[in-house]
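Here the structure comes first, spelled out in structure tokens, and everything after it is commentary.
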Amino acid sequence: MVVKLIKVDVIKPNDGKKDNNSLINPVMYLVMGIMLAFYSNAVVKIFFYIIGVIVIIYGIKSLLEYYRNKDSVQFKNINLSIGIVSIIIGLLLIILSDALEVSIRYVLGFFLIYMGVSRLLTQYSFGNYKKIQMLSNVVLIIMGIYSIFVSNAVMVIIGWILIANAVLLLWDYFRK
């Protein structure tokens, strides 16, 4: 019987030394969190701009592919069609970014209001008056109203979570 020995490397802790890379993540979280918490509408618009540019670049790539291989490709018009449609969709995403941002806020807001009201009515009809559940439903309704009239509530909440995470990571970094 032959026994093989396996060499195992042990990863040693860094003995409390600060790693400069560990400061990058909390700073990025903080910047993204502030952007989402205070400028969520602008972030959503920028997102649609970026997606629009990506779709336009894909359309241009498809058009170039069509012109490069237009004689040798079996389905000649597919790249041409995809290119034209992609460029049009990309331009629409950029042009309609304001309307898309507002529509997302309205859909989210009305959904949150619907969920809060329907849950309140369900609790009322079953005679289930638990204060915490009723409070959570009222919070849903308030978040829905906030989404409709002010800003995207979900993005704002994600922003505040990122800010809290960044603060905790920075606290841990400077505590070492």
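Fair warning: this is a prediction, and the values are worked out from it, not measured in the lab.
Clustering ILVMFWY residues whenever any of their side-chain heavy atoms sit less than 4.5 angstrom apart, transitively, puts Leu168 in a cluster other than the one holding Phe174. Connection of Tyr146 to Ile161 is established within a shared hydrophobic cluster, with ILVMFWY side chains joined at heavy-atom distances below 4.5 Å, either directly or through further cluster members. Cluster annotation: Ile104 is connected to Ile157 through the hydrophobic network of ILVMFWY side chains, with a link wherever side-chain heavy atoms come within less than 4.5 Å. When the side chains of ILVMFWY residues are joined at heavy-atom separations under 4.5 Å, either directly or via intervening members, Phe149 and Val117 end up in a single hydrophobic cluster. Val27 and Trp171 are not part of a single hydrophobic cluster, where members link through side-chain heavy atoms under 4.5 Å apart.
A salt bridge links Arg105 with Glu101; the closest basic N to acidic carboxylate O contact falls under 4.0 Å.
Rounded to the nearest 0.5 angstrom, Leu108 CG and Met155 CE are separated by 9.0 Å. Rounding to the nearest 0.5 Å gives a distance of 11.0 Å between CG of Asn69 and CG of Leu64. To the nearest 0.5 Å, the span separating CD1 on Ile34 from CH2 on Trp160 amounts to 8.5 Å. To the nearest 0.5 angstrom, Tyr66 atom OH is 12.5 Å from Ile78 atom CD1. Atom-to-atom distance recorded for Ile158:CD1 and Leu162:CG is 7.5 Å, nearest 0.5 angstrom. Here Ile113 contributes atom CD1 and Ile145 contributes atom CD1; the two are 5.0 Å apart, rounded to the nearest 0.5 Å.
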Q.
Apply side-chain contact (heavy atoms from CB on, under 4.5 Å) to residues Phe111 and Tyr106 and explain how you reach the verdict.
A. CA-CA 8 Å; Phe111 176 75; Tyr106 285 167; over 6 Å; no
Q) How far apart are the C-alpha atoms of Leu23 and Leu170, what are their side-chain angles, what is the distance that settles it, and do they pass the side-chain contact (heavy atoms from CB on, under 4.5 Å) test? A) CA-CA 7 Å; Leu23 189 58; Leu170 286 170; 3.5 Å; yes
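Residue Ala37 comes nearest to Ile163 through the heavy atom pair CB-CD1, 4.0 Å, listed as atom of the first residue, atom of the second, then distance. Taking every heavy atom of both residues into account, Pro26 and Ala166 meet most closely at O-CB, 3.2 Å. Ser147 and Gly109 get closest at one heavy-atom pair: CB-CA, 3.8 Å.
Between Glu65 and Ile82, every side-chain heavy-atom pair lies at or beyond the 4.5 Å cut-off. The shortest distance between side-chain heavy atoms of Leu63 and Asn79 does not fall below 4.5 Å.
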For residues 39-57, dump all side-chain donor-acceptor pairs below 3.5 Å to protein atoms at least two apart in sequence or in another chain.
{"unit_1": "Ser40", "atom_1": "OG", "unit_2": "Ser151", "atom_2": "OG", "d": "2.3"}
{"unit_1": "Asn41", "atom_1": "OD1", "unit_2": "Ser151", "atom_2": "OG", "d": "3.3"}
{"unit_1": "Asn41", "atom_1": "ND2", "unit_2": "Val150", "atom_2": "O", "d": "3.3"}
{"unit_1": "Lys45", "atom_1": "NZ", "unit_2": "Asp98", "atom_2": "OD1", "d": "3.2"}

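Applying the side chain to side chain donor-acceptor pair (under 3.5 Å) test to every pair with at least one member in residues 111-123, sequence neighbours left out, gives these pairs: Arg119-Asn137, Gln123-Gln133, Gln123-Asn137.
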